[in-house]
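Have a look at the structure below before the remarks.
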Amino acid sequence: MNRVKAEKFRERIGDIYVGAALTLMIDVGFRTGLWDAAAEGPATSAELAERAGLEERYVREWLGAVTSGGIMEFDDVTGTYLLPVEHAVSLAGNGAPNRAVNAGLLTYLGKHVDAVATAFREGGGVPYSAFRPEFTALMDQRFRREYDEMLIDGYIRVVPGLEERLTDGIKACDVGCGTGHNLNLMAAAYPASTFTGYDIAADAIEAARSEAAEMALQNVRFEVKDCTKISEDGGFDLVTTFDAVHDQADPQAALDAIGRCLAPGGVYLMIDIDASSELRNNLDNPLAPYLYTVSTMHCMTVSLAEGGAGLGTVWGRELALEMLAKTGLVDVQILQSSNPTNCIYVCRKGREPSL
Ligand SMILES: C[S@@+](CC[C@H](N)C(=O)[O-])C[C@H]1O[C@@H](n2cnc3c(N)ncnc32)[C@H](O)[C@@H]1O
């Protein structure tokens, strides 16, 4: 045994656990509003507690963790804590750069360790139902900010001709739409087009409908539907999926159904995780451990729970292209989205471009 290597690894394990511990604290800060309060400027623990309307003793202990963890800074002379603006960008505010929301997904997945470990031993998986309703809310929180900032510029406008067609008026469908915020934004931006959102989750569809009503949208509808059973053959000019293929029980059937419901010349935009299907090509991707973990704890297990394919989050470009080819969709191009975690597969039905 190489003792130096062993010692280095022991240190690494320590770092990993410190990161995990701070993840809990980031989540607590997000849930309690402490990050937004801290972003307002330097404060003692009592001042920060008052600002956020919280118990000082808890805030002081939390400050101990996030200050020793290098997230906040402490001024020994004034006894004040500071969240530097450079750190606040990633932890406070309602914008897409706020990463604090991701901590909630990890702490929530932690609740399912027992059930996932059981599936390691006995097979099967942890079904979607075990993750609802919290998962619906977490996905919404996680993606809503991103769609607010990037949907039009980062996804729609990167596909040549798409915005013009949406402006003129087409029929569009989002599959696995979750709480439908992206579709509601599109419906508001392109009033001449009509939009349909399908998802198997009744709680997500209810939230999508109520947001559409709040926004007084007349050109969008949402329905609880298993997308493998979409019946509108040739009924849509545009179909989109936003991170909604890799966790399907039967992803090939879902892609086949999407291919069928596209009109000739229609376009399918599959926004999905940008990775390789081969582990060896992902080793330099700093996010790979996160992606494989989320897959093990959610995306793969929900599919396996249904006796499904269990593609997992990191199913990757090679397998995605193979499966898309089987649907008969042609001219598949892969574009980079403004979110580096995702890429956009642009697929056309038939050679005659309608978009
Ligand atoms: C990772 S979430 C993404 C949600 C949404 N597209 C977003 O961007 O927030 C995947 C979604 O696919 C839905 N889903 C999974 N299998 C489905 C199926 N067979 N038919 C329709 N929706 C499905 C899930 O209920 C979930 O809402």
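Note that this is a predicted model, so its numbers are computed, not measured. Basis for what follows: all heavy atoms, side chains included, without hydrogens, waters or symmetry-related copies. Remember, it's 1-based here, ligands and their atoms both numbered in the order they're listed.
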How far is [atom] from its nearest protein heavy atom, and which residue and atom is that?
atom: atom 23 (C) of ligand 1; value: I200 CG1, 3.3 Å
atom: atom 20 (N) of ligand 1; value: C227 N, 2.9 Å
atom: atom 17 (C) of ligand 1; value: Q248 NE2, 3.2 Å
atom: atom 9 (O) of ligand 1; value: F143 CD1, 3.5 Å
atom: atom 13 (C) of ligand 1; value: D199 OD2, 3.3 Å
atom: atom 6 (N) of ligand 1; value: G176 O, 2.7 Å

Taking atom 2 (S) of ligand 1 as the point of reference, which of I271, D250, D243 owns the nearest heavy atom?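 Nearest heavy atom to atom 2 (S) of ligand 1 lies in D243.
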Check each of Y147, F131, Y198 against atom 8 (O) of ligand 1 and report the one with the nearest heavy atom.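 Looking at heavy atoms only, Y147 sits closest to atom 8 (O) of ligand 1.
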I need the contact type for [X] against ligand 1. Using non-hydrogen atoms and a strict under-4.0 Å cut-off, is it side chain, backbone, both or neither?
X: F242; answer: both
X: C177; answer: backbone
X: H246; answer: neither
X: R142; answer: neither

State whether a side-chain donor-acceptor pair under 3.5 Å links [X] with [Y].
X: N219; Y: Y190; result: no
X: Y292; Y: N282; result: yes
X: D272; Y: H246; result: yes

For F242 and Y147, take the angle between the two ring planes, folded into 0 to 90°, and tell me which bin it lands in: parallel under 30, tilted 30 to 60, perpendicular over 60.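 It falls in the perpendicular class, over 60°.
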Applying ring-ring contact (aromatic ring centres under 6.0 Å, His included), can you list everything that pairs with H112, at least two apart in sequence or on another chain?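 H112 satisfies ring-ring contact (aromatic ring centres under 6.0 Å, His included) with Y108, F131 only.
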Within the structure, does [X] bring an N/O atom to less than 3.5 angstrom of an N/O atom in ligand 1?
X: R132; value: yes
X: D247; value: no
X: D226; value: yes

Salt-bridge contact [X]-[Y] (side-chain N to carboxylate O under 4.0 Å):
X: E47; Y: R51; value: no
X: E278; Y: R280; value: yes
X: R144; Y: D148; value: no

Numbering the atoms of ligand 1 from 1, which are under 4.0 Å from a heavy atom of K225?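 Going through ligand 1 atom by atom, the ones under 4.0 Å from K225 are 20 (N), 21 (C).
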For M139, take its heavy atoms, then give the atoms of ligand 1 lying under 4.0 Å from any of them.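 Selected atoms, number and element: 1 (C).
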D36 side-chain N/O to A92 backbone N/O, donor-acceptor pair under 3.5 Å: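 It does not hold such a pair.
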Can you tell if the side chain of V126 reaches within under 4.5 Å of the side chain of H298, non-hydrogen atoms only?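 When only atoms from C-beta onward are counted, H298 and V126 do not touch, as no gap falls below 4.5 Å.
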Same cluster or not: I170 versus I258, using hydrophobic residues (I, L, V, M, F, W, Y) connected whenever any side-chain heavy atoms lie under 4.5 Å apart?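 Shared cluster, no.
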